[in-house]
Amino acid sequence: SQQGEEDPQALSIQEGENATMNCSYKTSINNLQWYRQNSGRGLVHLILIRSNEREKHSGRLRVTLDTSKKSSSLLITASRAADTASYFCATATETSGSRLTFGEGTQLTVNP
Amino acid sequence: KAGVTQTPRYLIKTRGQQVTLSCSPISGHRSVSWYQQTPGQGLQFLFEYFSETQRNKGNFPGRFSGRQFSNSRSEMNVSTLELGDSALYLCASSLGQGGTSPLHFGNGTRLTVT
């Protein structure tokens with residue numbers, strides 16, 4: 001079963017707006033990762049945030065992690081049409097090895 | 001550096017047949033993982049190999065198997081194919097073992113079982 005649940009399932013915004021996607025999980029984690037997938041392609045790693053970190057930035061991406069609420073959010077600022085993709089969170093535990101548990105994903109559409 | 005390469009890109013098989021999918025990891029990466037992606041079940045972990053040893057296995061039947069060679073290249077095999085095996089099969093490699101390093105995915109093999 002999927003540990004991660006993502007919210008919303010789909011998001012449609014205009015270019016230049018910010019997009020926020022949320023992820024909740026159920027068990028204690030070692031780290032949480034965000035990936036992007038363009039239609040029919042493989043996943044591309046965006047950010048890895050460890051359980052002892054609260055916030056991380058990479059370019060226009062900002063990820064927060066709240067382990068007390070077992071949730072994370074991904075913020076994409078000043079979105080572009082090229083950001084249109086599915087976004088997945090994935091969790092790794094102390095014992096899971098490379099067995100990441102993925103959420104169901106958020107389909108983001110950025111309209112030009 | 002070349003990315004993760006998966007072959008073939010597309011495959012059509014008939015129920016009951018068997019199939020072998022191939023994955024070449026990024027040079028220097030010793031960990032290779034396989035995932036199945038379907039619209040209904042999402043992304044599900046199949047197995048992980050590190051230095052030719054299976055380190056982790058997901059909840060899939062024994063029809064799904066894999067191996068890793070000394071050059072880190074990996075193959076997965078599915079025997080006695082069922083319609084439900086139709087999926088995008090993704091291979092990922094990582095520098096470190098065990099979920100502590102980002103996964104680098106290939107573009108997958110789209111398997112259709114008829």
Side-chain angles (χ1 to χ4, degrees), chain A residues 1-7 9-10 21 23-53 56 58-59 61 63 74 85-107, chain B residues 3-7 9-10 23-26 29-51 53-60 66 68 74 87-110 112:
Chain A
S1 63
Q2 297 286 336
Q3 165 164 240
E5 293 183 3
E6 292 180 64
D7 166 49
Q9 285 191 324
M21 288 160 268
C23 167
S24 61
Y25 56 92
K26 296 174 183 166
T27 64
S28 295
I29 62 171
N30 178 290
N31 66 68
L32 186 145
Q33 303 176 34
W34 284 90
Y35 289 83
R36 184 188 77 228
Q37 184 179 36
N38 290 88
S39 181
R41 314 280 288 184
L43 283 77
V44 174
H45 179 262
L46 297 175
I47 287 185
L48 182 154
I49 186 167
R50 293 184 167 77
S51 59
N52 61 353
E53 297 176 309
K56 212 159 182 182
S58 177
L61 307 180
V63 167
L74 169 68
S86 292
Y87 291 81
F88 295 88
C89 66
T91 55
T93 68
E94 290 290 341
T95 58
S96 67
S98 281
R99 182 177 185 159
L100 298 185
T101 301
F102 282 85
E104 295 172 355
T106 293
Q107 172 61 52
Chain B
V4 176
T5 303
Q6 291 188 246
T7 56
R9 188 78 174 89
Y10 300 94
C23 172
S24 292
I26 290 173
H29 287 192
R30 292 163 64 191
S31 173
V32 174
S33 306
W34 289 89
Y35 286 81
Q36 181 197 64
Q37 187 177 28
T38 60
Q41 298 297 317
L43 281 148
Q44 294 192 295
F45 173 82
L46 282 157
F47 21 67
E48 176 199 2
Y49 288 88
F50 186 85
S51 294
T53 302
Q54 187 179 90
R55 294 299 177 120
N56 221 328
K57 190 177 190 304
N59 299 323
F60 279 82
Q68 186 180 33
S74 177
L88 181 66
Y89 289 88
L90 294 163
C91 167
S93 72
S94 63
L95 193 57
Q97 181 192 349
T100 58
S101 303
L103 297 183
H104 299 264
F105 283 84
N107 283 326
T109 293
R110 171 75 63 184
T112 302

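Residue numbers begin at 1 in each chain, while the letters A, B, ... track the order of the sequences. No experiment lies behind these values; they were computed from the predicted model shown.
- Scored by the side chain to side chain donor-acceptor pair (under 3.5 Å) test, Gln54(B) finds Tyr49(B) as partners (sequence neighbours excluded).
- The part of Gln37(B) that comes within reach of chain A is its side chain, from C-beta onward, which places non-hydrogen atoms under 4.5 angstrom from that chain.
- Interface remark: Leu48(A) contributes side-chain atoms only to the contact with chain B (heavy atom separation under 4.5 Å).
- Looking at Phe45(B), only its side chain comes within 4.5 Å of chain A, counting heavy atoms on both sides.
- For Lys57(B), the salt bridge (Lys or Arg N to Asp or Glu O under 4.0 Å) test picks out no residue, with sequence neighbours left out.
- In this structure a side-chain-to-backbone donor-acceptor pair under 3.5 Å is present from Arg9(B) to Asn107(B).
- Within the 4.5 Å cutoff, side-chain heavy atoms of Tyr35(B) are placed close to those of Leu103(B).
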